[in-house]
Amino acid sequence: MSLFITFEGIEGCGKTTQIGHLTSFLKKARRPFLLTREPGGTGVGEKIREILLSSENAGLEPMAEFFLYVADRIQHYRQVILPALRQGKVVLCDRFADATTVYQGFGRGLDLAWIEEIHSRALENAKPDLTFLLDLPVEVGLKRAWKRLKKDQTGEDRFEKEALDFHRRIREGYLTLARKEPSRIIVLDGMKDEEILHGEIISHLPDALRG
Ligand code: TMP
């Protein structure tokens, strides 16, 4: 069965770990799936990612930043996600449109209704079937993200360098979206042990995928 699942949360929320566990689960269950991410996921998208996440581009105008994320998403959704869903795959996507609503809307202050309008046109009203929001205090997430940054050399440090207040708006923004769409956005306590969280994620999957 096809299913579009996205993972969201603040920096250092543990999405990558949980996506890894879910990937192993699907492999073991022999379910066809596609693992992808935003920004990125296409050739053009990976180039856009480089522009967006480098601290060299910290001066990007919020609206220019917004359109780059949307351009990335249109390519990604139409060329990668939609075809995979049509082939009956489970699609696991590390961030999607909710990230733009939260980072560029709640974070940078762009108009939320306008963001929604552009998204519904760009994606023909498509939304993920299920979104896992890993929620945890900003201080804890940022501490983890900084540790990871010291280790890797990707140069993707623009958002980790934002002020604490920005990240608090992101956390609150995600929780606001979850309150608006409680059946799609499942809020999980990111402070819990990773095995327990994995079990909770599995328990929210449709029976057809668990069986
Ligand atoms: P990640 O690899 O940790 O998910 O980092 C991607 C960064 O890009 C993260 O800080 C959130 C940011 N972002 C946005 O601001 N808007 C978006 O639409 C997406 C997908 C990501």
Side-chain angles (χ1 to χ4, degrees), residues 4-20 35-42 44-77 80-81 91-112 114-120 122-123 126-128 131-136 138 140-174 177 185 190:
F4 182 18
I5 305 177
T6 60
F7 285 79
E8 299 282 356
I10 61 163
E11 319 298 311
C13 66
K15 317 180 256 112
T16 312
T17 306
Q18 288 308 322
I19 290 172
L35 172 61
T36 188
R37 69 170 177 180
E38 287 195 1
T42 62
V44 167
E46 289 300 326
K47 286 185 183 157
I48 296 178
R49 182 181 180 94
E50 239 181 85
I51 297 170
L52 282 167
L53 302 188
S54 162
S55 51
E56 281 176 16
N57 298 323
L60 261 181
E61 286 291 325
M63 208 174 278
E65 180 188 69
F66 168 81
F67 280 115
L68 284 169
Y69 278 111
V70 173
D72 166 64
R73 184 158 303 124
I74 293 171
Q75 286 296 109
H76 188 217
Y77 183 71
V80 177
I81 296 177
V91 173
L92 303 182
C93 189
D94 187 342
R95 298 197 190 278
F96 192 64
D98 295 324
T100 299
T101 306
V102 168
Y103 278 81
Q104 281 64 55
F106 288 87
R108 304 265 189 243
L110 296 187
D111 185 74
L112 295 173
W114 181 74
I115 293 179
E116 196 177 336
E117 162 79 18
I118 302 266
H119 268 142
S120 59
L123 306 173
K127 284 204 172 188
T131 296
F132 292 109
L133 169 58
L134 290 156
D135 177 62
L136 82 181
V138 166
V140 179
L142 285 181
K143 216 179 203 175
R144 289 187 193 167
W146 273 108
K147 248 193 211 160
R148 188 185 59 211
L149 258 189
K150 275 192 202 150
K151 279 194 226 144
D152 76 24
Q153 301 292 318
T154 58
E156 293 182 352
D157 60 350
R158 195 154 80 80
F159 283 87
E160 278 84 351
K161 287 183 175 165
E162 292 283 347
L164 208 57
D165 187 51
F166 175 83
H167 293 287
R168 291 207 175 104
R169 287 204 298 281
I170 301 306
R171 183 184 186 195
E172 280 313 307
Y174 272 127
L177 291 194
I185 306 180

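It should be emphasised that the depicted structure is a prediction, and the values quoted were computed from it without experimental measurement. Order of listing sets the numbers, starting from 1, for every ligand and every atom in it. The first residue in the sequence is number 1, and the count goes up from there.
Using a non-hydrogen distance threshold of 4.0 Å, Arg73 registers as a contact of ligand 1. By the 4.0 Å heavy-atom criterion, Arg49 is counted among the residues contacting ligand 1.
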Working note: Phe66 + Arg108, criterion side-chain contact (heavy atoms from CB on, under 4.5 Å); need CA distance, chi angles, decisive distance, verdict. CA-CA 10 Å; Phe66 168 81; Arg108 304 265 189 243; over 6 Å; no
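Taking every heavy atom of Thr100 and a limit of under 4.0 angstrom, the matching atoms of ligand 1 come to 17 (C), 18 (O). Close approach of ligand 1 to Gln104 is summarised as follows: ligand atoms under 4.0 Å from at least one heavy atom of the residue are 14 (C), 15 (O), 16 (N), 17 (C), 18 (O). Listed by atom number, the atoms of ligand 1 under 4.0 Å from Glu38 heavy atoms are 20 (C). Residue-ligand proximity, Glu11 to ligand 1, at heavy-atom distances under 4.0 Å covers atoms 9 (C), 10 (O).
Among Tyr69, Phe96, Tyr103, the residue whose heavy atom lies closest to atom 8 (O) of ligand 1 is Tyr69.
Nearest non-hydrogen protein atom to atom 4 (O) of ligand 1 is Arg95 NE, 2.6 Å.
Between Phe96 and Phe4, the two ring planes are perpendicular [angle over 60°; tilted spans 30° to 60°].
Under 4.0 Å is where a charged nitrogen must lie from a carboxylate oxygen, and between Asp135 and Arg171 at least one such pair does. Checked for salt-bridge contact, Glu46 and Arg37 meet the test: a charged N lies under 4.0 Å from a carboxylate O.
Geometrically, Arg95 does not engage Phe7 in a cation-pi contact, judged by NZ or CZ lying under 6.0 Å from the ring centre and within 45° of the ring axis.
The closest side-chain heavy-atom distance from Asp98 to Tyr174 is below 4.5 Å.
The part of Leu53 lying near ligand 1 is the side chain, judged by heavy-atom distances below 4.0 Å.
No side-chain donor from either of His167 and Glu162 sits under 3.5 Å from a side-chain acceptor of the other.
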